[in-house]
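Take a look at the structure set out below.
One-based numbering, in listed order, for ligands and for the atoms of each. Please read these numbers as outputs of a predicted model, since none were measured by experiment.
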Amino acid sequence: MSQLKTYAERAALHKNPSAKRLFELMERKQSNLSASVDVTTKAELLRITEAIGPYIVVLKTHIDILSDFDADTAVQLTRLADKHDFLIFEDRKFADIGNTVKLQYSSGVHKIASWAHITNAHIVPGEGIVKGLAEVGVPLQRCLLLLAEMSSKGSLATGEYTLEALRIARRNKDFCVGFIGQRRLEGLIPNETGEEEDFIYMTPGVQLGSKGDGLGQQYRTPREVVLECGCDVIIVGRGIYGSGDLVENAKVYQKAGWDAYLERVGRK
Ligand code: 5BU
């Protein structure tokens with residue numbers, strides 16, 4: 001039951017260097033908050049990231065929505081990640097055959113693998129997508145999350161599909177450190193590998209004071225996600241940058257996520 005262990009304990013036990021690094025970071029910053037900064041200009045992305053950097057462990061980007069992306073954007077994001085001690089997660093949701101995603105991950109305008117510590121993929125194409133991304137990511141010490149479930153209404157990532165994400169992750173633990181999901185999955189099917197496992201669950205669809213956005217998004221609170229469903233990292237977008245004071249909002253979500261975690265591991 002890895003969710004009952006502290007992040008420090010999980011860091012000490014984990015064999016994957018990327019997972020270890022994330023758990024250590026969470027403990028160091030006393031944060032399990034990822035901010036999803038879905039804005040469309042480089043200046044806005046950097047301004048918001050600079051302001052909330054101290055409170056987050058993961059900056060989640062959609063780099064393809066920037067109208068003025070340039071190579072310096074990646075340089076500046078990396079500088080902020082070093083300055084404020086967080087990891088960058090490009091929420092690219094790769095979804096093609098292995099050979100194509102290799103090119104999408106390494107090349108093009110964005111060269112995602114060169115700056116994003118973490119990225120994610122749908123398993124629609126089958127396991128080849130993980131193999132293709134791993135060929136680029138493993139030598140760079142990057143890591144992958146599989147989309148096991150989505151937060152949106154009517155999502156088709158359910159049932160057997162979700163279980164297949166778990167099976168694929170179990171077979172690719174050198175690169176795949178966890179899931180985007182709405183709850184922990186390990187208990188749903190026996191682990192036939194016989195090896196210890198401790199996947200990281202990052203969960204979008206988190207906001208206090210709203211249930212949804214009118215376009216299918218469904219929100220739960222940090223407490224529901226972390227304490228009741230055993231997820232590890234809360235991903236908050238508009239709850240932070242949507243209205244009010246950015247820094248105050250980030251602090252509220254950092255505390256709510258951390259308090260729920262402390263309660264889960266019996267430290268509160
Ligand atoms: P929001 O503003 O907190 O609703 O933003 C949520 C972010 O998480 C946004 O960038 C989505 O693309 C992303 N997301 C999601 O909302 N639900 C999912 O299941 C997945 C990603 Br996967």
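Polar contact check, Tyr219 against ligand 1: a nitrogen or oxygen pair lies under 3.5 Å apart. Checked by distance only, ligand 1 and Tyr241 stay at 3.5 Å or farther apart across all their nitrogen or oxygen atoms.
Between His84 and Phe86, the two ring planes are parallel [angle under 30°; tilted spans 30° to 60°].
Using a distance-only test at 3.5 Å, with no hydrogens or angles considered, a donor-acceptor pair links the side chain of Glu9 to the main chain of Thr6.
If you look at Asp213 next to ligand 1, there are no close heavy atoms at all, none under 4.0 Å. Residue-level proximity to ligand 1 for Gln207 is absent, since no heavy atom of it falls below 4.0 angstrom.
Residue-ligand proximity, Arg238 to ligand 1, at heavy-atom distances under 4.0 Å covers atoms 1 (P), 2 (O), 3 (O), 4 (O). Close approach of ligand 1 to Ser151 is summarised as follows: ligand atoms under 4.0 Å from at least one heavy atom of the residue are 15 (C), 16 (O), 17 (N), 18 (C), 19 (O). Each of the following atoms of ligand 1 lies closer than 4.0 Å to a heavy atom of Asp91: 12 (O), 13 (C), 21 (C). Every atom of ligand 1 with a heavy atom of Ser36 under 4.0 Å away is listed here by number and element: 7 (C), 9 (C), 10 (O). Of all the atoms in ligand 1, the ones that sit under 4.0 Å from a non-hydrogen atom of Ile180 are 22 (Br). Ligand-side atoms of ligand 1 in range of Leu147: 22 (Br), range being under 4.0 angstrom from any heavy atom.
Looking at Arg167 and Glu164, a side-chain N of the basic residue comes within less than 4.0 Å of a carboxylate O on the acidic one, giving a salt bridge. A salt bridge is defined here as a Lys NZ or Arg NE, NH1 or NH2 lying under 4.0 Å from an Asp or Glu carboxylate O, and Lys29 with Asp85 fails to meet this definition. Ion pairing between Lys42 and Asp72 holds under the 4.0 Å rule for side-chain N and carboxylate O.
Of all protein heavy atoms, the one lying nearest to atom 3 (O) of ligand 1 is Gly237 N, 2.9 Å. Among protein heavy atoms, atom 21 (C) of ligand 1 sits closest to Lys93 NZ, 3.4 Å. From the protein, the heavy atom lying nearest to atom 16 (O) of ligand 1 is Gln217 NE2, 2.7 Å. In this structure, the protein non-hydrogen atom closest to atom 20 (C) of ligand 1 is Pro204 CG, 3.5 Å. The nearest protein atom to atom 9 (C) of ligand 1, hydrogens excluded, is given as Asp38 OD2, 3.2 Å; this is a heavy-atom distance.
At a cut-off of 3.5 Å, with distance as the only test, no side-chain donor of Arg92 or Thr61 sits close to an acceptor on the other residue. Tyr7 and Asn32 share a donor-acceptor pair across their side chains, judged by distance under 3.5 Å alone.
Sequence neighbours left out, the pairs with a member in residues 196-246 that pass ring-ring contact (aromatic ring centres under 6.0 Å, His included) are Phe179-Phe199, Phe179-Tyr201.
Using a 4.5 Å cut-off on side-chain heavy atoms (C-beta onward), Ile234 and Val226 make contact.
The shortest heavy-atom distance from His62 to ligand 1 is under 4.0 Å. Using 4.0 Å as the threshold, Gly239 has no heavy atom nearer than that to any atom of ligand 1.
Close placement of the His110 and Phe69 rings is indicated, their centers lying within 6.0 Å of each other.
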What side-chain donor-acceptor pairs closer than 3.5 Å can you find for residues 18-25, not counting sequence neighbours?
| residue | atom | partner | partner atom | Å |
| --- | --- | --- | --- | --- |
| Lys20 | NZ | Ala11 | O | 2.9 |
| Lys20 | NZ | Ala12 | O | 3.4 |
| Lys20 | NZ | His14 | O | 3.2 |

